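Keep in mind that this is a model prediction, so the values were computed, not measured. Keep in mind that the numbers below use all heavy atoms, side chains included, and drop hydrogens, waters and symmetry copies.
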Amino acid sequence: MSLSVKDYILNADRFWPSTHKRNVVKIMRAFDACSIKSLSDKNGCLDELIAVAKIRERFNAKHLYLINTGSSGSHWIEAMLGLLPGFYNGGEIYLPPKIRSSLKTLNKKSANEFLDVIYLLHSGGIHKDALTATLSNSAHLANHQLLSEYSANKNTVLLLRNPVDVVISRTFRKDEYKKDVAPSLDDKEYLERNCVYVENFFANIDESSFDAIVKYEDFVGAPLSNLKKLAELIGLEVNEDQLQYAIDRTSMKSELQAVEKGGNALTNIYLGDKESHDWAKDYLRKRLEKLLVKYNYSK
């Protein structure tokens, strides 16, 4: 590869501006975890990832793009998929503009290998079925083609959630993220910022570019049938017991029990108190009325 994936991973801070250091931290944490798992130094770990990526191309291994606005249940759905055989979830993965531009100079095979190394890294490194497993990216990219066009074999899925609930969640239930990106804004200003973000996201999506459109609310109401449909779309060979285990293990009850026992939750499910914020919801229902009607959330 003329574009060095090693250079990017080892020096991610050179490629990301200071306003996007979250992405640097994310890749460094993934790299540290992967290096520990591989029982090798960091250069050796990268060599292993690159070697596996080259072989995965021969098996036509797949990438799943689970595109969403954020606060749409993507971490939960990825966590369920990640408990199924043949799937590893990478979470939200982004590449800086300079890297995306450089990908355009690579041939299709090399670009796919570059992405595969990045996705393997974020998905936990090399697993026993790493040569054939599907790897996911749940980035909030309305124009997912910025990355997905370089994946040789992929499924693209648009995950929807009621836009009002999305804005409420983004505004009031992610304090750590707000402290990082907008510490000086009050609730109304931050609500407006998130409202504009959601409007822009939907203004920029091309629904025809997705293999499927799914709804968070459908997964809440009928998780088994909807998880089964998604697994079938991806091409995972799973049975109902495996699907049900994934659903039960990522339920709020199981996540609460895991945290109470001192463990980690598999998802970023909100476990705090949910305030009503009626004033904000009333404003959003009027402000986002066209989106609510378009996606059948107006009732």
Would the distance check show the side chain of [X] and the main-chain N or O of [Y] forming a donor-acceptor pair, the cut-off being under 3.5 Å?
{"X": "Ser251", "Y": "Ser254", "value": "yes"}
{"X": "Thr156", "Y": "Ser209", "value": "yes"}
{"X": "Arg170", "Y": "Gly70", "value": "no"}
{"X": "Lys37", "Y": "Gly124", "value": "yes"}
{"X": "Asn155", "Y": "Leu64", "value": "no"}
{"X": "Arg161", "Y": "Ser71", "value": "yes"}
{"X": "Gln242", "Y": "Asn239", "value": "yes"}
{"X": "Glu57", "Y": "Lys109", "value": "no"}
{"X": "Ser148", "Y": "His144", "value": "yes"}
{"X": "Gln244", "Y": "Asp241", "value": "no"}

Non-hydrogen side-chain atoms of [X] and [Y] separated by less than 4.5 Å:
{"X": "Val157", "Y": "Ile67", "answer": "no"}
{"X": "Asn43", "Y": "Leu10", "answer": "yes"}
{"X": "Lys42", "Y": "Phe31", "answer": "yes"}
{"X": "Asn137", "Y": "Ile118", "answer": "no"}
{"X": "Lys178", "Y": "Phe172", "answer": "no"}
{"X": "Val196", "Y": "Glu192", "answer": "yes"}
{"X": "Ile168", "Y": "Leu284", "answer": "yes"}

- request: May I have the step-by-step check of salt bridge (Lys or Arg N to Asp or Glu O under 4.0 Å) for Arg14 and Asp7, ending in yes or no?
  value: CA-CA 10 Å; Arg14 288 190 1 223; Asp7 187 32; 3.3 Å; yes
For residues 78-88, which side-chain donor-acceptor pairs fall under 3.5 Å, sequence neighbours excluded?
| unit_1 | atom_1 | unit_2 | atom_2 | d |
| --- | --- | --- | --- | --- |
| Glu78 | OE1 | Ser138 | OG | 2.9 |
| Glu78 | OE2 | Gly91 | N | 3.3 |
| Glu78 | OE2 | Ser136 | OG | 2.4 |
| Tyr88 | OH | Asp129 | OD1 | 2.5 |

Should [X] and [Y] be counted in the same cluster of Ile, Leu, Val, Met, Phe, Trp and Tyr side chains packed under 4.5 Å apart?
{"X": "Tyr216", "Y": "Ile234", "result": "yes"}
{"X": "Leu233", "Y": "Leu158", "result": "no"}
{"X": "Val220", "Y": "Ile247", "result": "yes"}
{"X": "Leu49", "Y": "Met28", "result": "yes"}
{"X": "Leu146", "Y": "Val5", "result": "no"}

task: Examine Tyr8 together with Phe15 and report whether their ring centres are nearer than 6.0 Å.
output: yes
Least distance between heavy atoms, [X] atom then [Y] atom:
{"X": "Ser74", "Y": "Asn68", "value": "CB-ND2, 3.5 Å"}
{"X": "Gly73", "Y": "Leu159", "value": "C-CD2, 3.9 Å"}
{"X": "Val164", "Y": "Leu288", "value": "N-CD1, 4.2 Å"}
{"X": "Glu217", "Y": "Leu160", "value": "OE1-O, 4.0 Å"}
{"X": "Asn112", "Y": "Ala152", "value": "OD1-N, 2.9 Å"}
{"X": "Ile205", "Y": "Phe202", "value": "CG1-O, 3.4 Å"}

Under a 3.5 Å cutoff, is there a donor and acceptor pairing between the side chains of [X] and [Y]?
{"X": "Arg287", "Y": "Tyr283", "result": "yes"}
{"X": "Ser35", "Y": "Asp32", "result": "no"}
{"X": "Asp116", "Y": "His63", "result": "yes"}
{"X": "His75", "Y": "Glu92", "result": "yes"}
{"X": "Glu289", "Y": "Ser298", "result": "no"}
{"X": "Trp76", "Y": "Thr250", "result": "yes"}
{"X": "Thr105", "Y": "Ser102", "result": "no"}

- prompt: Quick one: side chain to side chain donor-acceptor pair (under 3.5 Å) partners of Tyr190, sequence neighbours excluded?
  reply: none
A quick test of your reading: do over 12 heavy atoms of other residues, nucleotides or ligands sit less than 6.0 Å from [atom1] of [X]?
{"X": "Asn264", "atom1": "CG", "result": "no"}
{"X": "Lys228", "atom1": "NZ", "result": "no"}
{"X": "Lys290", "atom1": "NZ", "result": "no"}
{"X": "Arg29", "atom1": "CZ", "result": "no"}

query: Would His122 and Asn89 count as a side-chain contact (heavy atoms from CB on, under 4.5 Å) if you check the C-alpha gap in whole Å, the side-chain angles of each, and the deciding distance to 0.1 Å?
result: CA-CA 8 Å; His122 284 276; Asn89 52 304; over 6 Å; no
From [X] atom [atom1] to [Y] atom [atom2], the distance as rounded to the nearest 0.5 Å:
{"X": "Ser225", "Y": "Leu230", "atom1": "OG", "atom2": "CG", "value": "11.5 Å"}
{"X": "Asp13", "Y": "Asn23", "atom1": "CG", "atom2": "CG", "value": "12.5 Å"}
{"X": "Leu256", "Y": "Lys261", "atom1": "CG", "atom2": "NZ", "value": "12.0 Å"}

- request: Could you go through the side-chain contact (heavy atoms from CB on, under 4.5 Å) check for Glu113 and Val117 one step at a time?
  value: CA-CA 6 Å; Glu113 286 177 8; Val117 172; 5.6 Å; no
Is it true that [X] and [Y] make a salt bridge, defined as a side-chain N closer than 4.0 Å to a carboxylate O?
{"X": "Asp165", "Y": "Lys281", "result": "no"}
{"X": "Glu255", "Y": "Arg249", "result": "yes"}
{"X": "Glu207", "Y": "Lys294", "result": "yes"}
{"X": "Lys6", "Y": "Asp47", "result": "yes"}

message: Once you measure the plane-to-plane angle for Tyr119 and Tyr65, does it fall in the parallel (<30°), tilted (30-60°) or perpendicular (>60°) bin?
response: perpendicular
Name of the residue among Ile93, Ile126, Ile9 meeting side-chain contact (heavy atoms from CB on, under 4.5 Å) with Leu121: Ile9
message: One pair to check against side-chain contact (heavy atoms from CB on, under 4.5 Å): His140 and Tyr94. What are the steps and the verdict?
response: CA-CA 9 Å; His140 310 156; Tyr94 303 91; 3.5 Å; yes
message: Here's one to test your reading of the geometry: is the NZ or CZ of Lys215 within 45 degrees of the ring axis of Tyr297 and under 6.0 Å from its centre?
response: yes
task: Would you sort out whether Val166 and Ser72 count as a side-chain contact (heavy atoms from CB on, under 4.5 Å), showing the intermediate values?
output: CA-CA 6 Å; Val166 168; Ser72 300; 3.8 Å; yes
